[in-house]
Amino acid sequence: MMHTAAAPCDLDRFGVVFRSSHRHSDCVTFAANKIRSDIRNPGCVDCHSNCNKSPSQVSLFLCSDSTKRRNSLLGGPLCVNPSGRRNLVGRASYSVETGAYDVAALESPTHVAEEKVGVLLLNLGGPETLNDVQPFLFNLFADPDIIRLPRLFRFLQRPLAKLISVLRAPKSKEGYAAIGGGSPLRKITDDQALAIKKALEAKGLSSNVYVGMRYWYPFTEEAIQQIKRDRITRLVVLPLYPQFSISTTGSSVRVLEQVFREDAYLSTLPVSIINSWYQREGYIKSMANLIEKELQSFSEPREAMIFFSAHGVPVSYVEEAGDPYRDQMEDCIFLIMQELKARGINNEHTLAYQSRVGPVQWLKPYTDEVLVELGQKGIKSLLAVPVSFVSEHIETLEEIDMEYKELALESGIKNWARVPALGLTPSFITDLADAVIEALPSAKAMYSRISTSEDADHDPVKYFIKLFFGSFLAFILFLSPKMITAFRNHVI
């Protein structure tokens, strides 16, 4: 089927473990000073080519037990086991393992001068004009992490993407026309990149910040080539998705792995990937600040229900592929509400999922259905919170602000308001800069050998066998009444 406060700061340096009760900001400052010292002091530079052992490794990622079990999706064992699943705010554990370095090989001032830090921001991308809509949709649906076809049918990925993009383009164009004729995502992301660069400079770290979009310009591949041309020697990859999903961060990281694996320079470039950051104190407090402020727009703030609307994913991603997205989203909502309750805000809240597409079951409850139910239950005031987005785009400006608002009012909800995306919120940008600084010491080469299953895909005999039987089954599949009805009801 097609599937579409104070925190311990543990730092191990030269075999000595330091355990202190620095505030989180002190830990960040320590990490930044360590990195600057590594870069400027020839006796402390982390050499990535003449070392007896691998560079420093920092475990930076906090996650629920369920997420830890799925660390193969997150690129390896990146999770520190927290003392409890629901107590992530204000908790951070840093564990550094440092090998023995060949100091004599690091004494060249030239090597120190060549150390360059890069930050790669990853985002979805969006069409900038109405003419861009159909090719953008093609790129989206041609991604095997968006429409997950069985291996036997993968040769149909691009033809199917072409069909769906052509069928959906007219309706999508109407949506983009309603918000000005194109997506503002590129400009917002460029502005965020500049803001993060300035925030890092304010903390004493000079860096090049790049933007890589998955489905539109500037593509991730373009950003990677610029990173290579700039001879970046240490890279932090920061997806602008708070929660990890196969279809967002996972898809972008897959592209990185493919490109890096095939390039001699990139394959040895030390990289640190921040897979998810929804649990960071700075993010949680920034979201709580926006919600607290927007609640004041209601005549009776305490009566308003907080309505979290998250981008959905197919149920099969979670139940079959082990996507941690749902668990992370639920943790995220818990943490935000925990912060609000600490401020004396005890409003009711609920979570629903939006933006489903295709004839498969997506995560429930669905946003549109919940809005109708809330109206029937007599809810009169609703504050919508787009919790999975940090930038305004089609799903906030058109889907939430227009479609869902109209549906809510028609369903009996009298008072409607929406929390803006974080965008350039200073506390949010500062926290992302802190995340980059914390991640730098853990950078290591991300190269991995092509798997046996991938090698098998290059066998011409097996390929033609798959092609023959796949074509026959596909012919039957596309002529089935069920599939025709599904496309008519869910795709067109």
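We're numbering straight along the sequence, starting at 1.
Evaluation of the side-chain hydrogen bond (donor to acceptor under 3.5 Å, both in side chains) test over residues 384-400, restricted to residues two or more places apart or in two chains, returns Gln192-Ser391, His311-Glu395, Gln354-Glu399, Ser355-Glu395, Ser355-Glu399, Glu392-Thr396, Glu392-Arg418, Glu399-Tyr404. Screening residues 421-430 for side-chain hydrogen bond (donor to acceptor under 3.5 Å, both in side chains) gives Ser286-Ser427 as the qualifying pairs, with residues at least two apart or on separate chains.
Between Asp230 and Lys116 there is no salt bridge, since no side-chain nitrogen of the basic residue lies less than 4.0 Å from a carboxylate oxygen of the acidic one. Asp331 has no carboxylate O lying under 4.0 Å from a charged side-chain N of Arg326, or vice versa, which leaves the two without a salt bridge. Ion pair Glu373/Lys377 not flagged as a salt bridge, since none of the NZ, NE, NH1 or NH2 atoms sits closer than 4.0 Å to an Asp/Glu carboxylate oxygen.
Side-chain N/O atoms of Ser309 and Thr367 include a donor and acceptor closer than 3.5 Å. Ser251 and Arg214 form a side-chain donor-acceptor contact under 3.5 Å, judged by distance and modelled atom types alone. A donor-acceptor pair shorter than 3.5 Å cannot be found between the side chains of Ser247 and Asp145.
Residues satisfying the side chain to side chain contact (heavy atoms under 4.5 Å, CB included) test with Glu348, not counting sequence neighbours, are Met305. Shown here are the side chain to side chain contact (heavy atoms under 4.5 Å, CB included) partners of Asn415, two or more places apart in sequence or in another chain: Phe298, Ser381. Taking the side chain to side chain contact (heavy atoms under 4.5 Å, CB included) definition, one finds that Val253 meets it with Thr249, Glu257, Ile273, sequence neighbours left out. Partners of Glu292 under the side-chain hydrogen bond (donor to acceptor under 3.5 Å, both in side chains) rule, at least two apart in sequence or in another chain, are Arg343. Remark: Asp132 pairs with Thr129 by the side-chain hydrogen bond (donor to acceptor under 3.5 Å, both in side chains) rule, at least two apart or across chains. Taking Glu403 as the reference, nothing meets the side-chain hydrogen bond (donor to acceptor under 3.5 Å, both in side chains) condition, with sequence neighbours excluded. Partners of Arg302 by salt bridge (Lys or Arg N to Asp or Glu O under 4.0 Å), not counting sequence neighbours: none found. For Lys380, the salt bridge (Lys or Arg N to Asp or Glu O under 4.0 Å) test picks out no residue, with sequence neighbours left out. Remark: Lys198 pairs with no residue by the side-chain hydrogen bond (donor to acceptor under 3.5 Å, both in side chains) rule, at least two apart or across chains. Residues that satisfy the side chain to side chain contact (heavy atoms under 4.5 Å, CB included) test with Phe219, not counting sequence neighbours, are Asn139, Trp216, Tyr217, Glu221, Glu222.
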Apply salt bridge (charged side-chain N to carboxylate O under 4.0 Å, His left out) to the pair Lys203 and Asp434, showing each step before the final yes or no.
CA-CA 9 Å; Lys203 296 174 180 294; Asp434 287 343; 2.9 Å; yes

How far apart are the C-alpha atoms of Ser442 and Ser272, what are their side-chain angles, what is the distance that settles it, and do they pass the side-chain hydrogen bond (donor to acceptor under 3.5 Å, both in side chains) test?
CA-CA 6 Å; Ser442 69; Ser272 181; 2.7 Å; yes

Would you please test Asp191 and Arg186 for salt bridge (charged side-chain N to carboxylate O under 4.0 Å, His left out) and show each step?
CA-CA 9 Å; Asp191 290 343; Arg186 178 174 182 174; over 6 Å; no

Step by step, would you call Leu200 with Val117 a side-chain contact (heavy atoms from CB on, under 4.5 Å)?
CA-CA 11 Å; Leu200 289 170; Val117 173; over 6 Å; no

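The closest donor-acceptor contact from the side chain of Gln328 to the backbone of Phe244 lies under 3.5 Å. No donor-acceptor distance shorter than 3.5 angstrom exists from the side chain of Thr350 to the backbone of Phe307, with no hydrogens or angles considered. In this structure a side-chain-to-backbone donor-acceptor pair under 3.5 Å is missing from Asn208 to Val119. Between the side chain of Tyr176 and the backbone N or O of Glu128, no donor-acceptor pair lies under 3.5 Å. Without hydrogens or angle criteria, Asn123 side chain to Leu240 main chain gives no donor-acceptor distance under 3.5 Å. Not one N or O on the side chain of Lys405 forms a donor-acceptor pair closer than 3.5 Å with the backbone of Ile400. Proximity of a side-chain donor or acceptor of Ser276 to a complementary backbone N or O of Tyr278 within less than 3.5 Å is not detected.
Separation of atoms CD (Glu339) and CD1 (Ile291) is listed at 10.0 Å; rounding is to 0.5 Å. In this structure, CZ on Arg168 lies 6.5 Å from NZ on Lys171, to the nearest 0.5 angstrom. Atom CG of residue Leu266 and atom CD1 of residue Ile227 lie 8.0 Å apart, to the nearest 0.5 angstrom.
When side chains are defined from C-beta on, Leu121 does not count as touching Tyr210, because their heavy atoms never get closer than 4.5 Å. Counting heavy atoms from C-beta outward, Gln225 and Val259 have side chains that approach closer than 4.5 Å. Tyr353 has its side chain within reach of Tyr325: a pair of non-hydrogen atoms, C-beta onward, lies under 4.5 Å apart. Between Val372 and Tyr366, the closest side-chain pair of non-hydrogen atoms is not below 4.5 Å. When side chains are defined from C-beta on, Met337 counts as touching Ile306, because their heavy atoms get closer than 4.5 Å.
Note on ring orientation: taking the six-membered ring where Trp is involved, the planes of Tyr283 and Trp277 are perpendicular (angle over 60°, cut-offs 30° and 60°).
Minimum interatomic distance between Ala199 and Ala433 (heavy atoms only, all atoms of both residues): CB-CB, 3.7 Å.
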